[in-house]
2 protein chains.
Amino acid sequence: MLELAILGLLKEQELHGYELKRRLTQMLGLFSSVSFGSLYPALSRLETAGAVQAVDTPPATPPIPATGSLSGELAAFRTRHGAARGGRGKKVYQVTPRGEDLFEELLAADTQSSEDERQFRLRLAFARYLPPEARLGLLERRRALLVERLAQARAGVRGGRERLDSYTRSLFEHSTESTERDISWLDRLIAAERTQQRRNRPPGPRRRPRPRGVSTTAAPAPPEFPSTPAPTATSPAAPAPSRKDVHS
Amino acid sequence: MLELAILGLLKEQELHGYELKRRLTQMLGLFSSVSFGSLYPALSRLETAGAVQAVDTPPATPPIPATGSLSGELAAFRTRHGAARGGRGKKVYQVTPRGEDLFEELLAADTQSSEDERQFRLRLAFARYLPPEARLGLLERRRALLVERLAQARAGVRGGRERLDSYTRSLFEHSTESTERDISWLDRLIAAERTQQRRNRPPGPRRRPRPRGVSTTAAPAPPEFPSTPAPTATSPAAPAPSRKDVHS
DNA sequence: AATTTCATGTAATTCGTTACATGATTCC
DNA sequence: GGAATCATGTAACGAATTACATGAAATT
């Protein structure tokens, strides 16, 4: 998870750990913060795995002005070269081709396990790097999961004998409402995605171009979009195709 | 976290692990599932700590019908007595007085750290066990946190140079909107809570009855409710005091 | 010169998961 | 008597956190 986020940010720009943390925290500001205690080890792992590497910063600073100041020159040396690697200088990282592959792999992996809220958001934030089909799959899996949860939550409440106290009830109602909103938001995204895909593959005589056997783990059954899997007030009337926004 | 949830459920009803898991999963259905691999160890810890204990089920089943069946009697024995504790019989737990204390303690603890969504929801679900002031504190701290996050997210986006692609943008907008809704939901809860507290402590001559020095960790400054900590569109016009629901 | 902020890292701990292993009960 | 379900537990592992330790650069 952290690896994916790091690689994603590093793809766009070379960064060092400290700055990376700031961006992650802000980017994940919508989900959570990241601590140095997890960031640096993650960076080390990635470096060991050959997914990222410290860049040789070309000395934009005057190349050794030879001021005679031993400590100054030493500091400059440490910052830019060897010692910086092992010592305390700033280490600016970049992704390697190996890292690009890893990124793709991590992004495509459909863990779908618990604590997926962050996972999903993270993947969506990097959705532009996904092939269109995988993108749709991501959105649809998420939608299915939310619909499922909603149904279960409602069943649980209806099945449960004990009436809830006001706090639990309020929590339940608010959560339910939020999930419904999430679902219809996903519906809009999915609709936009479909529109977009139709536009880019316009005069295709075959409706479904038979998905090439790439990822075996995802979507064995066709999407079957508007056939509300749960009958209970899931699709909010109409998907409201107001926003026709296309990525970037 | 898990301990708190277990104690809270066990407070209302004696349960065994398997059933506990089912209820937890459903209750946390709004947040997440729980695995046996974490549930049983948690139960063991609580038992070791003397917070819960296996109940001596009074033999509602006919007390040893003396059928001559050795294995049958052995099984019955195991289910109800000694061996059941160490062996494989159903173990029904109840909270001890010690456990009640632990529950109060865990519930009152204001961890406020990361992964607090679940924490907050769990605490709110048990809010009826909190003293009114602590309840208000819980809601207000949550609100403050969301407001703070919202402000930071907006600042981050405005500060960031790179324009976001459509997915990130949509994610950001949706998250922002959700958070705003959460905040105004909290506003309603807080307002209801205040109304409720005024009603129960009606003709008090002193407005603020000088909080007794109990918890040092929370709310050193007075609540200062409607003074929007972040100026940016936080309070949604009016708190809309439509629902006057009081707990249970 | 001192303090703050930037910057990198390690160690111990927390809290949970998945996978595995086993036994008891119920139903066909 | 065999399968599904109920029920309890252990072992190995995972991902992140907090606390600690250190040092370099910028600011006052």
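Predicted, not measured: the structure shown is a model, and the values here were computed from it. Letters go in sequence order (proteins before strands), and every chain restarts at 1.
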To the nearest angstrom, how far is [X] atom [atom1] from [N] atom [atom2]?
{"X": "A/Y40", "N": "D/dA21", "atom1": "OH", "atom2": "P", "answer": "18 Å"}
{"X": "B/Q119", "N": "D/dT17", "atom1": "CD", "atom2": "C1'", "answer": "13 Å"}
{"X": "B/F36", "N": "C/dA21", "atom1": "CZ", "atom2": "C1'", "answer": "14 Å"}
{"X": "B/L39", "N": "D/dC6", "atom1": "CG", "atom2": "P", "answer": "16 Å"}
{"X": "A/E19", "N": "C/dA7", "atom1": "CD", "atom2": "P", "answer": "7 Å"}
{"X": "B/K21", "N": "D/dA7", "atom1": "NZ", "atom2": "P", "answer": "13 Å"}
{"X": "A/I6", "N": "D/dA15", "atom1": "CD1", "atom2": "P", "answer": "12 Å"}
{"X": "A/R45", "N": "D/dA15", "atom1": "CZ", "atom2": "P", "answer": "7 Å"}

Between [Y] and [X], is there a side-chain heavy-atom distance shorter than 4.5 Å?
{"X": "A/L46", "Y": "A/L10", "answer": "no"}
{"X": "A/V52", "Y": "A/L7", "answer": "yes"}
{"X": "A/V55", "Y": "A/Y93", "answer": "no"}

Do the side-chain N or O atoms of B/S38 get closer than 4.0 angstrom to the phosphate oxygens (OP1, OP2) of C/dT17?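 The answer is yes; a side-chain N or O of B/S38 sits under 4.0 Å from OP1 or OP2.
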Are OP1 or OP2 of C/dG23 and a side-chain N or O of B/K90 less than 4.0 angstrom apart?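 So the side chain of B/K90 is outside the cut-off, no N or O lying under 4.0 Å from OP1 or OP2 of C/dG23.
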Short heteroatom pairs, N/O only, protein and nucleotides 12-15 of chain C, under 3.5 Å:
none

Keeping the roles fixed (side chain from B/S178, backbone from B/H174), state whether a donor-acceptor pair exists under 3.5 Å.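 Here the side-chain-to-backbone pair exists.
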Closer than 3.5 angstrom, by distance alone: can the side chain of A/K90 be matched with the main-chain N or O of A/H16 as a donor-acceptor pair?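 Absent.
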DNA chain D: 5'-proximal contact among B/S44 and B/H16 (nearest heavy atom):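 Its nearest nucleotide lies further toward 5', so the answer is B/H16.
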Please tell me which of B/Y93 and B/R22 maps to the more 5' nucleotide of DNA chain D, matching each residue to the nucleotide holding its nearest heavy atom.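 Closer to the 5' end of DNA chain D: B/R22.
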Among D/dA7, C/dT18, C/dT8, the one nearest B/S35 by side-chain distance: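 Looking only at side-chain atoms, B/S35 lies closest to C/dT18.
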Run the ring-centre check on B/F126 versus A/Y167 and record whether the distance is less than 6.0 Å.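 Aromatic pair excluded; centres sit 6.0 Å or further apart.
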Any side-chain donor-acceptor pair under 3.5 Å between A/T179 and A/D182?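 Short answer, no.
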